[in-house]
Amino acid sequence: MLALEIDHLTTAFGALRAVDDVSLAVAAGSITGLIGPNGAGKSTLFNSVVGAAVPLTGSIRLHGERIDALTPERVFRLGLAHTFQIPRPFAEMTVLENLMLATPGQAGERFWSALLRPAGVRRQERAIMRRAFEILDFTTLAAVAGSAAGRLSGGQQKLLELARILMGEPRLILLDEPAAGVNPALTQVLIEKIRELNARGMTFFVIEHDMDFVMGHCDPIIAMAGGKVIFEGSSREAVNDPGLRDAYLGELPHV
């Protein structure tokens with residue numbers, strides 16, 4: 001089964017085709033890596049998938065359902081979530097509040113529900129809070145639940161990004177450089193949580209420049225350059241591909 005299917009996708013900014021006729025697929029239950037030099041089009045591809053950038057041509061399907069004409073909110077509600085290279089929490093809000101705010105479809109957001117069904121709104125808020133604390137425990141952030149999100153370390157903010165999107169119960173998560181700027185100890189925590197979620201059936205599509213991360217935890221691997229896909233295969237095939245090694249990867253760990 002395929003979690004994500006991208007067919008002949010092109011996204012341009014003026015004359016620049018940041019994503020140029022890209023076709024690829026992400027298998028359900030996989031941790032698929034996306035590598036390539038800066039400017040290869042990787043982040044633009046992710047933005048196109050989640051509805052933050054509008055493609056010129058092509059189609060995108062999530063578990064068989066066409067999503068390329070949908071808004072980012074609608075895509076998120078269908079079970080596709082995206083984290084960013086630079087975390088974007090609500091800095092002055094607490095960690096707990098950041099998670100509770102991320103839950104879609106809250107009755108209290110609707111004027112008439114808050115006015116006419118206050119007891120139901122309070123019950124839902126209590127359930128959301130319980131869910132938030134479960135996720136904070138899972139992501140090792142429970143101890144900082146009451147802290148302002150802007151005061152967290154870079155690694156903790158990456159974990160907070162993951163925690164926030166888990167509130168939406170996604171089936172597919174796009175991670176944009178999860179290990180960038182994270183100390184080794186927290187990187188290991190993040191990897192453990194990704195692998196645990198993957199073992200539960202969650203699919204990951206990961207942009208990453210840390211080749212130890214990619215080669216140790218991603219299979220298959222897709223490489224982009226100049227807006228195009230230039231390689232698809234296993235980590236072993238990536239290591240042994242002379243063009244890929246010479247152009248982008250340098251010395252890779254043996255797998």
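In this text, all values refer to a predicted model and were calculated from it rather than measured experimentally.
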Please walk me through it: do F90 and R164 pass side chain to side chain contact (heavy atoms under 4.5 Å, CB included)?
CA-CA 11 Å; F90 293 98; R164 286 201 305 176; 3.9 Å; yes
**Request:** Kindly indicate, with the supporting measurements, whether the criterion side chain to side chain contact (heavy atoms under 4.5 Å, CB included) is fulfilled by R130 and R126.
**Result:** CA-CA 6 Å; R130 288 194 296 271; R126 288 194 293 269; 4.0 Å; yes
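Annotation: salt bridge (charged side-chain N to carboxylate O under 4.0 Å, His left out) contacts of R17 (sequence neighbours excluded): D20. Applying the salt bridge (charged side-chain N to carboxylate O under 4.0 Å, His left out) test to E169 and every residue at least two apart in sequence or in another chain returns nothing. Under the salt bridge (charged side-chain N to carboxylate O under 4.0 Å, His left out) criterion, D68 pairs with R66, not counting sequence neighbours. Partners of R200 according to the salt bridge (charged side-chain N to carboxylate O under 4.0 Å, His left out) rule, which considers only residues two or more places apart in sequence or in another chain, are E196. Taking the side chain to side chain donor-acceptor pair (under 3.5 Å) definition, one finds that T187 meets it with nothing, sequence neighbours left out.
At a threshold of 4.5 Å between non-hydrogen side-chain atoms, the residues N38 and H209 count as touching. Using a 4.5 Å heavy-atom threshold, the side chains of S30 and V26 count as touching. Side-chain atoms of L24 and T32, non-hydrogen and from C-beta on, never get closer than 4.5 Å to each other. At least one side-chain heavy atom of K193 sits under 4.5 Å from a side-chain heavy atom of T140. The shortest distance between side-chain heavy atoms of L166 and L197 falls below 4.5 Å. Contact of the V49 side chain with the L62 side chain is not registered, since no non-hydrogen atoms from C-beta on lie closer than 4.5 Å. The closest side-chain heavy-atom distance from L160 to L99 is below 4.5 Å. A 4.5 Å side-chain heavy-atom check between H82 and N47 finds at least one atom pair inside the cut-off.
Hydrophobic clustering (ILVMFWY, side-chain heavy atoms < 4.5 Å, transitive): F84 and L152 are in distinct clusters. Grouping the Ile, Leu, Val, Met, Phe, Trp and Tyr side chains by contacts below 4.5 angstrom, directly or via other members, places F138 with M129.
The structure places CZ of R131 at 13.0 Å from CE of M100, a figure rounded to the nearest 0.5 Å. Between atom OG1 of residue T83 and atom NZ of residue K158 there is a gap of 7.5 Å, rounded to the nearest 0.5 Å. From L172, atom CG reaches atom CG of L80 across 4.5 Å, with rounding to the nearest 0.5 Å. Put simply, CD1 on I35 and CG on D210 are 11.5 Å apart, with the number rounded to the nearest 0.5 Å. Note that CG of L101 and CD1 of I128 are 10.0 Å apart. Values are rounded to the nearest 0.5 Å. Rounding to the nearest 0.5 angstrom, the gap separating the CZ atom in R151 from the CD atom in Q157 is 12.5 Å.
Heavy-atom minimum distance, F204 versus I194: CE1-O, 3.5 Å. Closest non-hydrogen pair, A132 versus L96, comes out as CB-CD1, 3.6 Å. Among all heavy-atom pairs drawn from A238 and M215, the shortest one is CB-CE, 4.0 Å. Annotation for L2 and A27: closest pair CD2-CA, 4.1 Å, computed over non-hydrogen atoms. Shortest non-hydrogen contact noted between I173 and L175 is CG2-CD2, 3.4 Å. Nearest approach of D219 to S234, heavy atoms of both residues: OD1-CA, 3.6 Å.
No side-chain donor-acceptor contact under 3.5 Å links K42 to the backbone of L34. Using modelled atom types, no side-chain atom of S23 and backbone atom of D7 make a donor-acceptor pair closer than 3.5 Å. The closest donor-acceptor contact from the side chain of E208 to the backbone of A179 lies under 3.5 Å.
Residues T11 and S48 bring a donor and an acceptor atom of their side chains to less than 3.5 Å of each other.
Counting heavy-atom neighbours within 6.0 Å of L16 CG, excluding the residue itself, gives a total above 12.
Applying the side chain to side chain donor-acceptor pair (under 3.5 Å) rule to pairs touching residues 52-65 yields T10-T57, S59-R61, sequence neighbours excluded.
Using a 4.0 Å cut-off between charged nitrogen and carboxylate oxygen, E73 and R77 count as a salt-bridge pair.
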